[in-house]
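Report on the following structure.
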Amino acid sequence: MTVSDDLNFAEQSGEFDSATPAYPVVFGISFTPQIIGILVAVFGLAAAAYILFNLVMPAWENYQQQQAKSAELQGQIQHKIASLKQIEKVKDELAQAKQQKIQVLGLFANEKSLDTLLLDMNRLVQSGNAQKISFNTVSAKLKKFVPASQKPEPITDGTLGTQVDGKLKRSSINIEISGTYEQTQSIIRNIERLQPLLIVKDYQSTLAPAETKTLSDKTVVVRSGPASINTSFQLQALIPLTPEEIAAVKTAPKK
């Protein structure tokens, strides 16, 4: 082979190299590194969007729904807890109201306390006569104890206020005692200390005649010392009506 042939081969080889493209070509588009990078980026964005809309978003919506459901259940639990606390509070208030009612009712009279009222009055009157007395010493006495009616009568006349009409009944007792002013005052104060609620009405006091005593030699001795007074009043005992009695009062014709 000659030198000229070698040169011709070299020229032909260069023409072959220049005719072969350096990058792949598809549909007339040469896939250079820049084009490939853009395509990879676009493919990555598309894949990310697909994952976002088909996987992430449904999961997020499900999470939001679960959160809302959890918040609703928590609200229901809190409401129930508040309701239970309210129920406990109402129970406590009801128990306190019942206890207060018992205490208030304990202030009023009842059938049992009325049965012992005569004994209580005798005890109160005689309590001032414990010491040995002489003729010149006034002795307190219970001279009269007469119930004004056979049985307690419902209060409907508004004398104690319209708020208690049809809720209470009263038993009235006419009482008369005698003794000095100090003894009478002590008896009235002790009546106020009795357990049942009692009302003193129509109080009247008059000076009692001087007491005399005739001795064996027919000498008349007039008692000296503090004057005795006769005191009369009406004692009213208030008694709560039972539910049956309240209903009977409401249905009874008004006078």
Exercise. Would a hydrophobic clustering, with Ile, Leu, Val, Met, Phe, Trp and Tyr connected at side-chain separations under 4.5 Å, put Val249 with Val164?
Worked result: no
Exercise. Hey, quick one: are Ile191 and Tyr203 part of the same hydrophobic cluster, counting side-chain heavy atoms closer than 4.5 Å, chains of contacts allowed?
Worked result: yes
Problem set entry | Nearest atoms (heavy-atom pairs only) where Leu207 meets Ser228 | CD1-O, 3.5 Å
For this session: Write down the atom of Met121, the atom of Phe145, and the distance for their closest heavy-atom approach.
Result: CG-CE1, 3.9 Å
For this session: Would you mind reporting whether Leu119 and Arg123 have side-chain heavy atoms less than 4.5 Å apart?
Result: no
Problem set entry | Flag, side chain of Asn230 to backbone of Thr206, donor-acceptor distance under 3.5 Å | no
Exercise. Has the side chain of Gln183 got a donor or acceptor atom that lies under 3.5 Å from a matching backbone atom of Thr180?
Worked result: yes
Check residues 89-96 and write down every donor-acceptor pair under 3.5 Å in which the side-chain atom is one partner and the other belongs to a residue at least two apart or another chain.
none

Seminar exercise, completed: So CD of Gln204 and OG of Ser232: to nearest 0.5 Å the spacing works out to 4.5 Å
Exercise. Salt bridge between Lys169 and Glu245, side-chain N to carboxylate O under 4.0 Å?
Worked result: yes
Exercise. Could you state the interatomic distance from NZ (Lys201) to CG (Asn174), rounded to the nearest 0.5 Å?
Worked result: 11.5 Å
Problem set entry | Criterion side chain to side chain contact (heavy atoms under 4.5 Å, CB included) on Leu238 and Leu160, from CA distance to verdict | CA-CA 10 Å; Leu238 303 181; Leu160 298 179; 3.8 Å; yes
Exercise. Under a 4.5 Å cut-off applied to non-hydrogen side-chain atoms, are Pro240 and Leu168 in contact?
Worked result: yes
Problem set entry | Carboxylate-amine/guanidinium contact Arg193 Asp120, below 4.0 Å | no
Problem set entry | Passing candidate, side chain to side chain contact (heavy atoms under 4.5 Å, CB included) with Val125, options Thr184, Ile175, Ile187 | Ile187
Just distance, no hydrogens or angles: give the donor-acceptor pairs under 3.5 Å from side chains in residues 75-86, sequence neighbours left out.
{"from": "Ser83", "atom 1": "OG", "to": "His79", "atom 2": "O", "distance (Å)": "2.8"}

For this session: Determine whether more than 12 heavy atoms belonging to other residues, nucleotides or ligands lie under 6.0 Å from atom CD of Gln163.
Result: no
Problem set entry | Shared hydrophobic cluster for Ile199 and Ile173 (ILVMFWY, side-chain gaps under 4.5 Å) | no
Problem set entry | Joint hydrophobic cluster, Leu117 plus Val200, side-chain heavy atoms closer than 4.5 Å | yes
Exercise. So, Ser70 side chain and Gln66 main chain: donor-acceptor pair closer than 3.5 Å or not?
Worked result: no
Exercise. Is there a chain of hydrophobic side chains (I, L, V, M, F, W, Y, each step under 4.5 Å between heavy atoms) that links Ile177 to Leu194?
Worked result: yes
For this session: Could you tell me whether the side chains of Asp202 and Gln234 share a donor-acceptor contact shorter than 3.5 Å?
Result: no
Exercise. Is any side-chain heavy atom of Ile188 less than 4.5 Å from a side-chain heavy atom of Phe233?
Worked result: yes
Exercise. Which heavy-atom pair separates Thr231 from Ser205 by the least distance, and what is that distance?
Worked result: OG1-OG, 3.0 Å
Seminar exercise, completed: To the nearest 0.5 Å, atom CG of Asn122 lies from atom NZ of Lys141 at 13.0 Å
Problem set entry | Nearest atoms (heavy-atom pairs only) where Ala237 meets Leu114 | CB-CD2, 3.5 Å
For this session: Starting at CG of Leu142, measure out to CG of Leu124 and round the result to the nearest 0.5 Å.
Result: 10.0 Å
Problem set entry | Separation of Ser171 OG from Lys151 NZ (nearest 0.5 Å) | 12.0 Å
Exercise. So, for Ile246 and Gly166, which heavy atoms are closest and what is the spacing to 0.1 Å?
Worked result: CG1-O, 3.6 Å
Problem set entry | Spacing of Ser172 atom OG and Leu235 atom CG [to the nearest 0.5 Å] | 9.0 Å
